[in-house]
Each structure stands twice: as structure tokens, then as C-alpha cells.
Protein chains: 2
Amino acid sequence: MMINTLNFNEDYLGKLEQNICYNKILNMADTIDVLTGKWKIPIIICLSFKPKRFSEISRELKTITDRTLSKELKFLEENLLITRNIIDEYPLSIEYQITEHGLSLTKILMILREWGEIHRERILESHRSTKI
Amino acid sequence: MMINTLNFNEDYLGKLEQNICYNKILNMADTIDVLTGKWKIPIIICLSFKPKRFSEISRELKTITDRTLSKELKFLEENLLITRNIIDEYPLSIEYQITEHGLSLTKILMILREWGEIHRERILESHRSTKI
DNA sequence: CAGGATCCCACAGGATACTG
DNA sequence: CAGTATCCTGTGGGATCCTG
């Protein structure tokens with residue numbers, strides 16, 4: 001997983017530089033991978049406050065389907081961003097908890113938010129000026 | 001564009017906090033939007049060195065199709081990350097150039113790369129330990 | 001050279017129904 | 001409660017061919 005097949009031309013910045021550049025891009029893509037899609041960021045944020053159960057997450061995210069939530073939780077667990085803890089056997093109760101590694105995304109999310117704000121400003125500004 | 005329809009429950013952190021949180025997530029999603037997909041990051045990096053023409057970009061990215069390159073360049077232009085400059089009419093020659101705004105993504109890309117490196121380490125490490 | 005048009009497939013994610 | 005199974009649609013992106 002996470003290994004995509006992007007191919008830069010071998011002449012790109014010379015072979016050595018190209019390989020370095022190639023790996024850097026792979027690393028960026030890996031990070032994007034973990035944040036992309038409609039629900040990963042909301043789930044991460046939702047769990048960053050405290051551990052929660054399946055139904056709690058589902059309720060807070062409101063429009064997510066069980067199927068999607070189930071898949072995304074599995075994905076995040078495989079990526080070591082959350083853990084799935086069995087709390088009680090009878091009745092079955094399971095808790096999802098963010099890991100340290102998962103929390104380390106917080107910094108990135110803040111930076112994404114900041115840039116997104118600026119970006120939205122620019123776009124709106126440019127739309128205004130073209131309409132005058 | 002860029003406005004998705006994510007819906008947090010109204011009770012989420014209380015109504016006020018929820019609205020703030022909701023907007024923050026929209027901003028994050030906007031940034032991700034600009035970086036997601038197979039080719040946006042490579043194109044941005046490719047153009048961050050110097051302005052290039054369609055065929056140059058195509059050659060350097062090697063496996064990208066004309067159709068995809070065309071669409072992505074249009075997307076990046078609409079998002080004010082690059083400009084499309086007509087250099088010569090006869091023969092037609094056009095140059096794509098990254099904007100200041102586009103260059104401001106560099107910082108984010110570095111951070112994504114750093115986290116991606118760490119992430120890959122963790123994943124590999126965990127796979128090693130489960131196989132022992 | 002700088003793309004547009006068309007066809008095609010894989011995958012994300014919603015709707016709905018069911019299970020231990 | 002904590003999911004799984006099935007069906008369905010929209011979109012990303014490759015392949016191929018065509019044009020000013």
C-alpha cells in the first residue's frame with residue numbers, strides 16, 4: 001500500500017536528483033493519502049478530543065453511512081492513526097482512540113486550515129474583481 | 001466550487017463551536033483538494049523551478065496523458081496557482097508559470113513530505129515487528 | 001505544438017437491508 | 001451495539017484518435 005507508480009522522466013534534474021525528488025513526492029502523496037476523501041479528517045478530529053464508540057462517531061458525523069465509517073476506521077487503524085479497543089464483551093462495546101502518531105497530524109491540519117483560509121480569500125477576491 | 005456539504009451534528013461541541021469547527025474543516029478540505037489526485041503535486045513541483053510549456057511538462061512527467069495534463073493545468077489556473085501565458089502567436093507557443101500563491105504551497109509540501117517519511121518508517125517498523 | 005473528443009474501467013461513497 | 005452485504009451512481013484518470 002501507499003506505493004504509487006508515479007514516473008518522472010529519467011532525465012528529470014538528472015538521474016540522482018530525480019530519484020530523490022521522486023521519493024519526496026511519494027512521501028507527500030502518502031500524507032495526502034491519509035487525509036484524502038470525504039471523511040478521514042472529520043473522523044480524526046472527532047476522535048482527537050477523546051475515545052469514542054462507533055455509534056457515537058456515527059451520530060456526531062451525522063450523514064456518514066455505517067459502511068463508510070466502518071471502512072474508514074479500518075483504514076485509519078491500519079495506518080496506525082487510531083486503535084480499536086475492546087472495552088466490554090457482554091454487551092460488546094468497542095472504543096476507537098487516536099494514537100500519538102494520529103495526534104501528530106494536528107499540526108498539519110492547522111497548517112492546511114490556514115492555507116485554505118487564505119486560498120478562499122484569494123479566490124473570492126479574484127471573482128469579485130472580474131465581475132466589476 | 002470547493003464548497004462541500006459535510007454536516008456535523010448540531011450538538012457537536014455545541015452549536016457555536018460546531019460552526020467554527022465546520023468552517024475549519026472546510027478550509028482543510030479546500031487545501032487537500034488542491035493537492036489531491038495523481039498529478040497535481042508533480043505538476044506544481046515541475047513548474048516550481050521555471051515556467052514550462054505543455055510539451056515540456058508532458059515529457060518530464062512521462063506517463064501523464066495529454067487529456068489529464070490539460071485538465072489539471074486548467075484546474076490549477078482556476079485556483080490561481082499557475083498562469084497560462086501566450087508567448088508567441090506564430091507558431092503558437094504557451095508557457096505555464098507558477099504564481100506566488102502557488103509557490104506558497106512549497107512550505108506545505110515540505111511538511112507533508114516530512115510527515116510522510118515518518119509515517120512510512122512507522123508502518124514498515126510495525127510490519128517488521130508483527131512478522132517476528 | 002497545444003490540446004479537445006470519445007470511450008472505458010476502477011474505485012469512492014451513498015442507500016438500504018441484514019446479522020451476531 | 002457494531003458492524004457486513006448488496007446494489008448503484010458519479011468521478012478520476014488511462015487509451016486512442018483527431019484538430020487548429
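Worth knowing before you read on, the calculation uses all heavy atoms, side chains too, and leaves out hydrogens, waters and symmetry mates. Note that the structure is predicted; figures quoted are calculated from it, not measured.
Checking side-chain atoms of Thr36(B) against main-chain N and O of Asp33(B) turns up no donor-acceptor pair under 3.5 Å. Of the possible donor and acceptor atoms, none in the side chain of Ser93(A) sits under 3.5 Å from a partner among the backbone N and O of Ile87(A).
Classified by interplanar angle (parallel below 30°, tilted 30° to 60°, perpendicular above 60°), the ring pair Tyr96(B)/Phe54(B) is tilted.
For the atom pair OG (Ser104(A)) and CD1 (Ile118(B)), the distance works out to 7.0 Å, reported to the nearest 0.5 Å.
Rounded to a whole Å, the NZ atom of Lys52(A) is 16 Å from the P atom of dC1(D). Distance, Ile86(A) CD1 to dG3(D) C1': 13 Å, rounded to whole Å. Rounded to a whole Å, the CG atom of Leu92(B) is 18 Å from the P atom of dT19(D).
When heavy atoms are screened at a 4.0 angstrom cut-off, Tyr90(B) is found touching no nucleic acid atom at all.
Nucleotides of DNA chain C lying under 4.0 Å from heavy atoms of chain B occupy a range whose first and last members, 5' to 3', are dC1(C) to dT6(C).
Partner Lys52(B) forms a side chain to side chain donor-acceptor pair (under 3.5 Å) with one of Glu95(B), Gln97(B), Glu60(B) and no other, that one being Glu60(B). For the side chain to side chain donor-acceptor pair (under 3.5 Å) with Asp30(B), the qualifying choice from Arg120(A), His119(A), Arg113(A) is Arg120(A), the only one to do so.
Between dC1(D) and Ser93(A), no contact under 4.0 Å exists linking OP1 or OP2 to a side-chain N or O. Taking 4.0 angstrom as the limit, Arg53(A) places none of its side-chain polar atoms (N or O) nearer than this to OP1 or OP2 of dC1(D).
By the 4.5 Å heavy-atom criterion applied to side chains, Leu26(B) and Asn23(B) are counted as neighbours.
Sorted by first and then second residue, the salt bridge (Lys or Arg N to Asp or Glu O under 4.0 Å) pairs involving residues 65-76 of chain A (not counting sequence neighbours) are Lys40(A)-Glu72(A).
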Restricting to nitrogen or oxygen on both sides, can you table the protein-nucleotides 10-13 of chain D pairs closer than 3.5 Å?
residue, atom, partner, partner atom, Å
dG13(D), OP1, Lys38(B), N, 2.7
dG13(D), N7, Arg67(B), NH1, 3.1
dG13(D), N7, Arg67(B), NH2, 3.2

